[in-house]
Number of protein chains: 2
Amino acid sequence: MALSCRAHAFSVEALVGRPSKRKLQDTREQEQSELQENEGGEEEEERKNNAAEKNEQLEMPPKTEPSTTALSGSGGGSGNDNQLKSLKEKDIIQVELQGSELWKRFHDIGTEMIITKAGRRMFPSVRVKVKGLEPGKQYSVAMDVVPVDSKRYRYVYHSSQWMVAGNTDHSCMTTRFYVHPDSPCSGETWMRQIISFDRVKLTNNEMDDKGHIILQSMHKYKPRVHVMEQDTRVDLSQIQSLPAEGVKTFSFKETEFTTVTAYQNQQITKLKIDRNPFAKGFRDPGRNRWKQWLISSDF
Amino acid sequence: MALSCRAHAFSVEALVGRPSKRKLQDTREQEQSELQENEGGEEEEERKNNAAEKNEQLEMPPKTEPSTTALSGSGGGSGNDNQLKSLKEKDIIQVELQGSELWKRFHDIGTEMIITKAGRRMFPSVRVKVKGLEPGKQYSVAMDVVPVDSKRYRYVYHSSQWMVAGNTDHSCMTTRFYVHPDSPCSGETWMRQIISFDRVKLTNNEMDDKGHIILQSMHKYKPRVHVMEQDTRVDLSQIQSLPAEGVKTFSFKETEFTTVTAYQNQQITKLKIDRNPFAKGFRDPGRNRWKQWLISSDF
DNA sequence: ACGTTTCCACCTAGGTGCGAAACT
DNA sequence: AGTTTCGCACCTAGGTGGAAACGT
């Protein structure tokens, strides 16, 4: 493996599968506000290649909640609300998405993320706050991106909508895994700071050797955040799959996105330009002023 | 303490003192050059850049040694030569300074490092290769900067020399400690890469809260590299002092420097401008061309 | 047609020494 | 007089989307 100690992205065959909690599908919106989609780590490894049978049609954009928190009980599956409330908050690992307002604005339009051969950052990026860790215990925090379904999508301009255009060819799909550079770190330190995954890069290059997360274009994905107990002395730079135990997984509906190599929906382009500091050059007023400069100055 | 998990610099009261192994002081330089050649089995790969060296008109080009290696026996400091030679190389942690040619060129003039309130990087920066670690074991690698003596210095222009100008007032001296961001990491991974401390910043602000290394201006210092066995589960972000055991410390004579807030020796300035990519704007040819631009163009 | 790649102007972010000003 | 600070022009390094070229 050509990854250096801090390359942070690793192949995880075992995680390829999509979420199989189908009965949550329609209630997912509420879960976002109450408990998000928490996927208990323990039973993740057997989810391999459940083909996505249905879900062929697009869904209506969900209504947005102001802030988003995901809880994790002990076991795995999203426990129910009452049960969770009966536990002390300290005992429950809780992950709160930062910047969820912006995420929701994108989500309402239909978030698109550009992927390139060299690797492209996400905007918005995944940023979370964690609560309920044991202060003295060591944890690692990681992120990956998993398919939402096995469909290929196509953007229909005249209706400004994404339509199913076929099925995924599961050729060389290995899910990579970005370990947050601060890992491992004490629960106290993790909880004191905002955990940002802004350096994560997405690529469509299946041969990528820079440790970026490999995705297929024109597919729907969602990022996931994993909080891992680090009591055993495993070297994260070496492991090939998630530890079976002591892993809590969180995801947020509003962070779902469709991969593209060029933006399809112009509203997305506009919002990106408007909010991403690096795109400031494309904000309107006085654009192309330099051309007039060029005209008026002679060499 | 306001340090985040990866701020990497920590107060270490226990390390405040100046080096006490005085008998090694004068022989250290020989150790450097002798040891780099002995048991010369597998360190041949680093000989690449010698030919590319262009020598400026400055001082005589020093007969450049390709690299500088320091060995560590069992104890804390640099063990003695004979004893080391009797051990197998694999059992000896060995740290080789990268870029020692450049360091030596600065050293021959009298290296100066600028320190600022906001924090200033070092140039050259400390970069090392480590050998002799146990591949599977976990290590952390750190750097600190310790006084060479308790003297205050002054640069005498007409003789181009640094002269003792008084003694240090040991007021608020706490040695800080920069833990390499890859820590902790397996010996295998550490040995596979060049370990660079180029993000280290030096400051003269005793109140610094950004984790930079705090130094006093007009004093002589030397950087040290520490290789720490990480078998115990200590959180480096929390510790206040170096572990007593399992730490090997290395330093290199040619990395000594004098702290300044503005360069004193113009030969140092010239060499910095010549070699530091960020100072390219001060390299001579066509400098100030933009002014003529300004004159010929009218607004 | 449609999707991808490449190059580019335009940004952010931040590391240089300079030189004037300020400090002591 | 010797040091330190600050704003600055000039860099490196790299993240944007546009637009044209390039597949397929």
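Just so it is clear: chains get the letters A, B, ... in the order the sequence lines come, proteins before strands, and each one is counted from 1. Just the heavy atoms: all of them, side chains too, but no hydrogens, waters or symmetry mates, feed the values below.
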Go through the side-chain N and O atoms of A/T203 and A/N205 and say whether any donor and acceptor fall under 3.5 Å apart.
->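 A/N205 and A/T203 do not have a side-chain donor-acceptor pair below 3.5 Å.
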Do B/T258 and B/H219 have side-chain atoms, one donor and one acceptor, less than 3.5 Å apart?
-> no
Look only at the side chain of B/E112 and the backbone of B/N265, and say whether a donor-acceptor pair between them is shorter than 3.5 Å.
-> yes
Between atom [atom1] in [X] and atom [atom2] in [N], what is the gap in whole Å?
| X | N | atom1 | atom2 | answer |
| --- | --- | --- | --- | --- |
| B/Y263 | D/dT4 | OH | P | 14 Å |
| B/L202 | D/dT4 | CG | C1' | 16 Å |
| A/K117 | D/dG23 | NZ | P | 11 Å |
| B/F278 | D/dT12 | CZ | P | 9 Å |
| B/M113 | C/dT16 | CE | C1' | 14 Å |
| B/F123 | D/dT12 | CZ | C1' | 13 Å |
| A/L271 | D/dT16 | CG | P | 14 Å |
| B/M122 | C/dG14 | CE | C1' | 19 Å |

Measure from the side-chain heavy atoms of [X] and tell me the nearest of [options].
| X | options | answer |
| --- | --- | --- |
| A/R121 | C/dG17, D/dG15, C/dT16 | D/dG15 |
| A/F282 | D/dT3, D/dG18, C/dG17 | D/dG18 |
| B/K272 | C/dG15, C/dG17, D/dG17 | C/dG17 |
| A/K280 | D/dT3, C/dC11, C/dT4 | C/dC11 |
| A/P277 | D/dT16, C/dT12, D/dT12 | C/dT12 |

On the ring face of B/Y153, is B/K220 found with NZ or CZ under 6.0 Å from the centre and within 45° of the axis?
-> yes
Should the pair A/K272 and A/F106 be classed as cation-pi, given the thresholds of under 6.0 Å to the six-membered ring centre and 45° from the axis?
-> yes
Verify whether the ring centers belonging to A/H226 and A/F177 lie closer than 6.0 Å.
-> yes
Knowing that exactly one of A/K117, A/R176, A/K201 qualifies, which makes a side chain to side chain donor-acceptor pair (under 3.5 Å) with A/D208?
->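 Exactly one candidate clears the test, A/R176.
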Would you please confirm or rule out a distance under 4.0 Å between OP1 or OP2 of C/dG15 and any side-chain N or O of B/K201?
->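 The answer is yes; a side-chain N or O of B/K201 sits under 4.0 Å from OP1 or OP2.
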Distance below 4.0 Å between A/N204 side-chain N/O and C/dT5 OP1 or OP2 =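 Yes, such a contact exists.
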Parallel, tilted or perpendicular: which fits the ring planes of A/Y157 and A/Y155, with parallel below 30° and perpendicular above 60°?
->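 Rings of A/Y157 and A/Y155: perpendicular, as their planes differ by over 60°.
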Kindly say whether, by distance alone, the side chain of A/R120 makes a donor-acceptor pair under 3.5 Å with the base of D/dG17?
-> yes
Would you jot down, in residue-number order, the residues of residues 152-164 of chain B having a non-hydrogen atom under 4.0 Å from DNA chain C?
->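 Residues of residues 152-164 of chain B that come under 4.0 Å of DNA chain C do not exist, since none gets that close.
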Which comes earlier along DNA chain D counting from the 5' end, the contact point of A/I273 or that of B/I115, where each point is its nearest nucleotide?
->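 Comparing both residues, the 5'-ward one is B/I115.
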Reckon A/S217 touches a base, only the sugar-phosphate, or nothing at all at heavy-atom distances under 4.0 Å?
-> sugar-phosphate
